[in-house]
Peer 1: 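The structure under discussion is supplied below as structure tokens; questions concerning it will follow.
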Number of protein chains: 2
Amino acid sequence: MITVDLLQKYGALKKSFGKNEIIFEEGNLPSHYYQVISGEVKMSNYNDDGREFIQGIFYKDQSFGEPPLFLNQNYPANAIAVDDSEILLLTKNNFMKLLEENPAVSIKIIENLAQRLYYKSVMAAEMSTQEPEHRVLKLMDHGIAYFNFKKDENGYLINFTRQQIGDLTGLRVETVIRTIKALEKKGILKIINRKVYR
Amino acid sequence: MITVDLLQKYGALKKSFGKNEIIFEEGNLPSHYYQVISGEVKMSNYNDDGREFIQGIFYKDQSFGEPPLFLNQNYPANAIAVDDSEILLLTKNNFMKLLEENPAVSIKIIENLAQRLYYKSVMAAEMSTQEPEHRVLKLMDHGIAYFNFKKDENGYLINFTRQQIGDLTGLRVETVIRTIKALEKKGILKIINRKVYR
DNA sequence: CTTGTTTTATGATTTTAATCATAAATTAGA
DNA sequence: TCTAATTTATGATTAAAATCATAAAACAAG
């Protein structure tokens with residue numbers, strides 16, 4: 001999103017997080033801007049009885065956790081490294097200074113937030129009114145355009161576990177497994193030794 | 001959000017919409033920035049069998065429909081006047097020029113998008129993992145902070161119909177009615193001649 | 001003031017995904 | 001390389017909200 005050079009010019013520091021390490025927690029006040037250098041980060045909530053909902057997954061060059069930073073509100077979710085990851089951290093004050101002095105970056109931030117809001121809008125409508133097959137397909141098709149799914153001779157490889165798909169769509173693993181099977185039977189996607197292609 | 005003066009300086013025009021009139025439709029390409037002067041606007045989707053999901057409701061001074069404008073993508077939902085409403089329209093080109101020439105406005109836009117993303121994040125987690133009582137309460141408590149609910153001697157008046165609450169939370173009217181009754185019985189909210197207070 | 005529409009309400013029934021139970025296959029870790 | 005943990009899988013059962021049916025109350029429009 002923002003070039004590493006520019007971030008470092010304003011004092012951003014690289015920090016490493018091990019697999020499953022917590023980057024920040026729901027309820028805390030934001031203090032930094034975060035941008036992924038390498039690895040994979042998920043933002044998610046856990047409800048009263050431990051069930052997870054994944055808000056989003058972030059890869060190289062993507063930033064996360066800005067909304068509460070701009071609003072002086074607590075984080076609505078946790079950020080956790082899915083794999084060993086390197087993250088650039090810039091303090092709030094320095095980040096705000098960077099924005100003031102680089103108006104072009106503001107436009108970038110706007111576009112990024114707009115993209116994420118667009119995704120949330122589409123998924124919210126899906127999750128509230130559509131049946132499982134519809135939800136799962138929508139997530140996959142969004143992922144093709146937005147996450148780094150790679151195409152090979154079988155189509156796009158949906159690089160999520162059934163559990164992750166469930167946590168992103170609000171469905172249970174068993175339901176996701178059955179739904180994917182049903183979609184395969186209808187010829188809408190392919191399953192080649194347990195991997196899903198679209 | 002943006003002052004009327006500034007918008008008009010860039011050529012924004014006032015347009016009136018009657019109750020239930022469509023402002024823009026899902027699938028169309030955005031051409032303008034929209035800001036409410038008076039009245040009430042809802043953005044919503046209709047699924048395959050006509051069921052509605054309300055993305056958001058917008059009142060005086062609030063803007064809507066910007067994300068796809070920034071992304072050159074089609075609208076993911078419809079915008080409809082809930083009451084007779086007056087809206088300021090600014091063409092995309094002029095809006096972009098306004099942003100370039102007024103960096104402080106960019107920050108305002110960022111804050112606004114951040115606020116909406118925050119709401120969507122919270123509601124997405126609620127809708128996917130929580131039971132009806134939890135969802136309905138979360139919506140109401142958000143509404144108190146964000147929509148223009150007014151406080152009187154009975155508490156905050158939840159100025160939504162049961163149907164609207166259902167369309168915002170992904171629940172059916174009957175379920176909302178029963179849920180609200182259950183919450184009243186528990187003393188979590190009040191119902192005074194059919195109106196809900198929190 | 002009458003009529004039509006929307007909103008709130010309640011009971012009975014159905015449907016669908018969640019839950020529960022169990023296990024094979026695969027992957028990760030020590 | 002052996003073991004533990006995760007992922008995929010499938011069948012049976014349950015629970016919870018959706019659906020269906022029906023109606024009274026409130027409101028809006030003419």
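The model shown is predicted, which means the values in this text are computed figures rather than measured ones. Residue numbering restarts at 1 for every chain, and letters A, B, ... go by the order of the sequence lines.
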Peer 1: Should B:Glu52 and B:Lys42 count as an ion pair when the cut-off is N to O under 4.0 Å?
Peer 2: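 Result for this pair is yes, salt bridge flagged.
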Peer 1: Could you give the CD-to-C1' distance, from A:Glu133 to C:dT16, as a whole number of Å?
Peer 2: 13 Å
Peer 1: Starting from the 5' end of DNA chain C, give me the residue, A:Arg172 or B:Ile177, whose nearest nucleotide shows up first.
Peer 2: B:Ile177
Peer 1: Among side-chain atoms of B:Tyr10 and B:Gln8, is any donor-acceptor pair under 3.5 angstrom?
Peer 2: no
Peer 1: Measure from CE on A:Met127 to P on C:dA17 and round the result to the nearest Å.
Peer 2: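 Roughly 14 Å, once rounded to whole Å.
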Peer 1: Would you say B:Lys92 and B:Asn72 are linked by a side-chain donor-acceptor pair, where the criterion is simply a distance under 3.5 Å?
Peer 2: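 A pair is found: one side chain offers a donor N or O, the other an acceptor, under 3.5 Å apart.
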Peer 1: When the distance from CD of B:Gln130 to C1' of D:dA16 is rounded to whole Å, what number comes out?
Peer 2: 15 Å
Peer 1: Please give the angle, rounded to 10 degrees, between the axes at the start and the end of the helix from C:dC1-D:dG30 to C:dA30-D:dT1, where five pairs define each axis.
Peer 2: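 It comes to 70° between the two terminal axes.
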Peer 1: Less than 3.5 Å apart, any donor N or O on the side chain of A:Tyr46 or A:Glu26 sitting next to an acceptor on the other?
Peer 2: no
Peer 1: Quickly work out the B:Gln163 CD to C:dT6 C1' distance and round it to whole Å.
Peer 2: 10 Å
Peer 1: Do we see a donor-acceptor contact under 3.5 Å between the side chains of B:Asp141 and B:Tyr146?
Peer 2: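 Checked: B:Asp141/B:Tyr146 side chains show no N/O donor-acceptor pair below 3.5 Å.
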Peer 1: Expressed as a whole number of angstroms, how long is the span from A:Arg162:CZ to C:dA17:P?
Peer 2: 18 Å
Peer 1: Could you give the NZ-to-C1' distance, from B:Lys19 to C:dT5, as a whole number of Å?
Peer 2: 11 Å
Peer 1: Taking any heavy-atom pair under 4.0 Å as a contact, classify B:Gly166: base, sugar-phosphate, or nothing.
Peer 2: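 It contacts nothing in the nucleic acid.
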Peer 1: Could you give the CD-to-C1' distance, from B:Glu174 to C:dT13, as a whole number of Å?
Peer 2: 13 Å
Peer 1: Is it the case that the side chains of B:Ser44 and B:Gln55 hold a donor-acceptor pair, with the cut-off being a distance below 3.5 Å and no angle test?
Peer 2: no
Peer 1: In terms of side-chain geometry, is the basic nitrogen of A:Glu184 or A:Arg198 positioned less than 4.0 Å from the acidic oxygen of its partner?
Peer 2: no
Peer 1: The side chain of A:Thr175 lies closest to which of these nucleotides: D:dT19, C:dA18, D:dT10?
Peer 2: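 That would be C:dA18.
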Peer 1: So that I can tick it off, tell me whether A:Arg162 and A:Glu174 are bridged by a salt bridge, with the cut-off set at under 4.0 angstrom between side-chain N and carboxylate O.
Peer 2: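 Looking at A:Glu174 and A:Arg162, the cut-off is not met.
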Peer 1: What is the distance, to the nearest angstrom, from the CD1 atom on B:Ile158 to the P atom on C:dT7?
Peer 2: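 Spelled out: CD1 on B:Ile158 to P on C:dT7 is 17 Å.
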Peer 1: Near DNA chain D, which residues from residues 178-195 of chain B have a heavy atom under 4.0 Å away?
Peer 2: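 Result for residues 178-195 of chain B: B:Arg178, B:Arg194, sorted by number.
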Peer 1: Is the distance from the ring center of B:Tyr156 to that of B:Phe149 below 6.0 Å?
Peer 2: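 For B:Tyr156 and B:Phe149, the ring centres are not under 6.0 Å apart.
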